[in-house]
Amino acid sequence: MRIYNTLTQQKEAFKTLEPGKVRMYVCGMTVYDYCHLGHARVLVAFDVVTRYLRHRGYDVHYVRNITDIDDKILRRADENGEVYTDLTDRMIRAMHEDEAKLGVLSPNEEPRATAFIDDILAMIQKLIAGGHAYAADNGDVYFAVESFPDYGKLSKKKLEDLVAGARVDVQEAKRSPADFALWKAAKPGEVSWQSPWGEGRPGWHIECSAMSTKCLGDTFDIHGGGPDLLFPHHENEIAQSECATGHTFVHTWMHAGAIRVNKEKMSKSLGNFFTIREILEKYPAEVVRYFLVSSHYRSQVDYSEDNLAEAGRTLTKLYHALRGIVPAKEADVAETDHDRRFAEVMDDDFNTAGAIAVLHAVANDINHHRREGDEEAAKRSAAVLVRLGAVLGLLQQDPEAFFQADTGSELTAQDIEAMIQARADARKAKDFAEADRIRDDLLEKGIILDDSREGTIWRRSQD
RNA sequence: GGCGCGGUGGCAGAGUGGUUAUGCAGCGGACUGCAACUCCGUGUACGCCGGUUCGAUUCCGACCCGCGCCUCCA
């Protein structure tokens, strides 16, 4: 299979360091607020990567960190008047809830920065000993960017340009404007840890270097993250890690695309920032996931009401194919052309859009078989649809649960069943005016009826 | 200014040197008491200008437009 590597800017044949094993690290959240759609994109993108690699037979060890000490966390905790650990505990819980709803599998390890202070200190000391970092007079420790000739290899930036164009206010303690903090001296009253350079706390970049190499070794296969982490975060991680260990840090760098909202960049200043929980109040979680997966993970994606509504209609169609069918037992269904086609497109840098086209082809097969009355064939195709859906984290619900999930409407399932019965009676009496009145009444309340030979079934509108 | 990405049919969104993406929406038909679901059929594409080629949406160059990063940010 081939994966686009940000480092080389091209798709490369994927080769693991150790046969059959993939070691992957993804930069996770800084837990000072609820996760937003951009986080969801990264979460889902690498969830699909993990699921597909496992589907492909790889033993994937997935590590995603939590940054639980940081300026923003301390500031927010201060604003709230709470202990910072209360804030981070709460946000981590919320994050896990959001993830679960979106069908994101838990990573194998979820290291928290505050649990790795010793490793961080050890790495900083190594860097100082190697001449790659220095303790400044103010108690901070900085990485000396000029000590790493490869600096800029990921983001394709030249050090001269960075230094010349540095917008950062001149930090007198730094030897060069491009240098960045590995350790920050504590301000009075701030939470801090002991270090050889006095009380302080780790800089953001070093946390990821320390946690990733501790969990996965000096060199590992895949490192992923959001598009805006490419520089400086990931660039700095490479510098720190390679200077500290003397080895290549990562083979394949993967970056997800950005989220936009109604053609504008999603940002707090524009007021178009959506948290996952806000969105889940309006749309079923699986619809949000479908929306995210329906375009390539590297492309920029535009969040809008229209796009989500369309995702809902399309997912509805796929679930319709599965409705009223008990899929054949997975083990009884051999690999099909659809499975092969699915693997072919996913092998090409996780082309989920192409994979979804395969899902539609399978759904089409199911519908055909049902029309022709071939229940067994339909059941086998349904099994294929469910197993391929699983690789994308889709179509794993009972169709009825998907169609009838209570979205907080005024009608309960019982109310609806009663009205359907009343309509059935009216139809039997050929009172179609009354039957249609009931159906229209339900439609107004977001309930759609489907008549079939076996009777009438209902679903809640996805729009 | 530096680095990078992209412009595909009404919309969303893959892909390809010559042959169907796929989905949503639309239109016609079958099914239905009428619908819904489903099936069949159907239209509209590859920013602009050059070049390479027997042939380019697909490769090369210029141009126009949009976007991201360069500062904490997924």
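Note on naming: letters A, B, ... go to the chains in the order of the sequence lines (proteins, then strands), and numbering restarts at 1 for each one.
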Please table the atom pairs, donor to acceptor, closer than 3.5 Å between any side-chain atom in residues 425-433 of chain A and protein atoms at least two apart or in another chain.
unit_1  : atom_1 : unit_2  : atom_2 : d
D425(A) : OD1    : Q421(A) : NE2    : 3.1
R427(A) : NH1    : D451(A) : OD2    : 3.4
D431(A) : OD1    : E434(A) : N      : 3.2

Nucleic acid contacts of residues 220-234 of chain A, taken as heavy-atom distances under 4.0 Å to RNA chain B: G225(A), G226(A), P227(A), D228(A), L229(A), F231(A)
Contact list for RNA chain B against residues 377-384 of chain A - heavy-atom distance below 4.0 Å: none
Categorize [X] for me: base, sugar-phosphate, or nothing, with a 4.0 angstrom heavy-atom threshold over every strand shown.
{"X": "K317(A)", "answer": "sugar-phosphate"}
{"X": "I259(A)", "answer": "base"}
{"X": "A256(A)", "answer": "nothing"}
{"X": "I356(A)", "answer": "nothing"}

If you restrict it to nitrogen or oxygen atoms, what contacts under 3.5 Å exist between nucleotides 10-12 of chain B and the protein, and what is each distance?
unit_1  : atom_1 : unit_2  : atom_2 : d
rA12(B) : OP1    : K263(A) : NZ     : 3.1

Y62(A)/F46(A) under ring pair (Phe, Tyr, Trp, His ring centres under 6.0 Å): CA gap, chis, key distance, verdict: CA-CA 9 Å; Y62(A) 177 18; F46(A) 289 98; 7.3 Å; no
Length of the line joining N351(A):CG and rU22(B):P, which is rounded to integer Å: 14 Å
Donor-acceptor pair under 3.5 Å, [X] side chain vs [N] base:
{"X": "D436(A)", "N": "rG33(B)", "value": "yes"}
{"X": "R323(A)", "N": "rC37(B)", "value": "no"}
{"X": "H255(A)", "N": "rA74(B)", "value": "no"}
{"X": "R313(A)", "N": "rG23(B)", "value": "no"}

Distance test, side-chain N/O of H368(A) to OP1/OP2 of rC40(B), below 4.0 Å: yes
Residue-phosphate contact under 4.0 Å: N367(A) side-chain N/O, rC37(B) OP1/OP2: no
Sub-4.5 Å side-chain heavy-atom contact between R90(A) and N80(A): yes
Main-chain N/O of H369(A) paired with D374(A) side-chain donor or acceptor, under 3.5 Å: no
D450(A) or K158(A), whichever maps to the more 5' nucleotide of RNA chain B: K158(A)
Residue whose nearest RNA chain B nucleotide is more 5′ - H296(A) or H360(A): H296(A)
Kindly list each side-chain donor-acceptor pair under 3.5 angstrom involving residues 249-259 of chain A, sequence neighbours excluded, with atom names and distances?
unit_1  : atom_1 : unit_2  : atom_2 : d
H255(A) : ND1    : T6(A)   : OG1    : 2.8
H255(A) : NE2    : H234(A) : ND1    : 2.8

Watson-Crick and G-U pairing of RNA chain B, under 3.5 Å, as dot-bracket with | and [ ]: (((((((..(((.....[...))).(((((.......)))))....(.(((..]....))).))))))))....
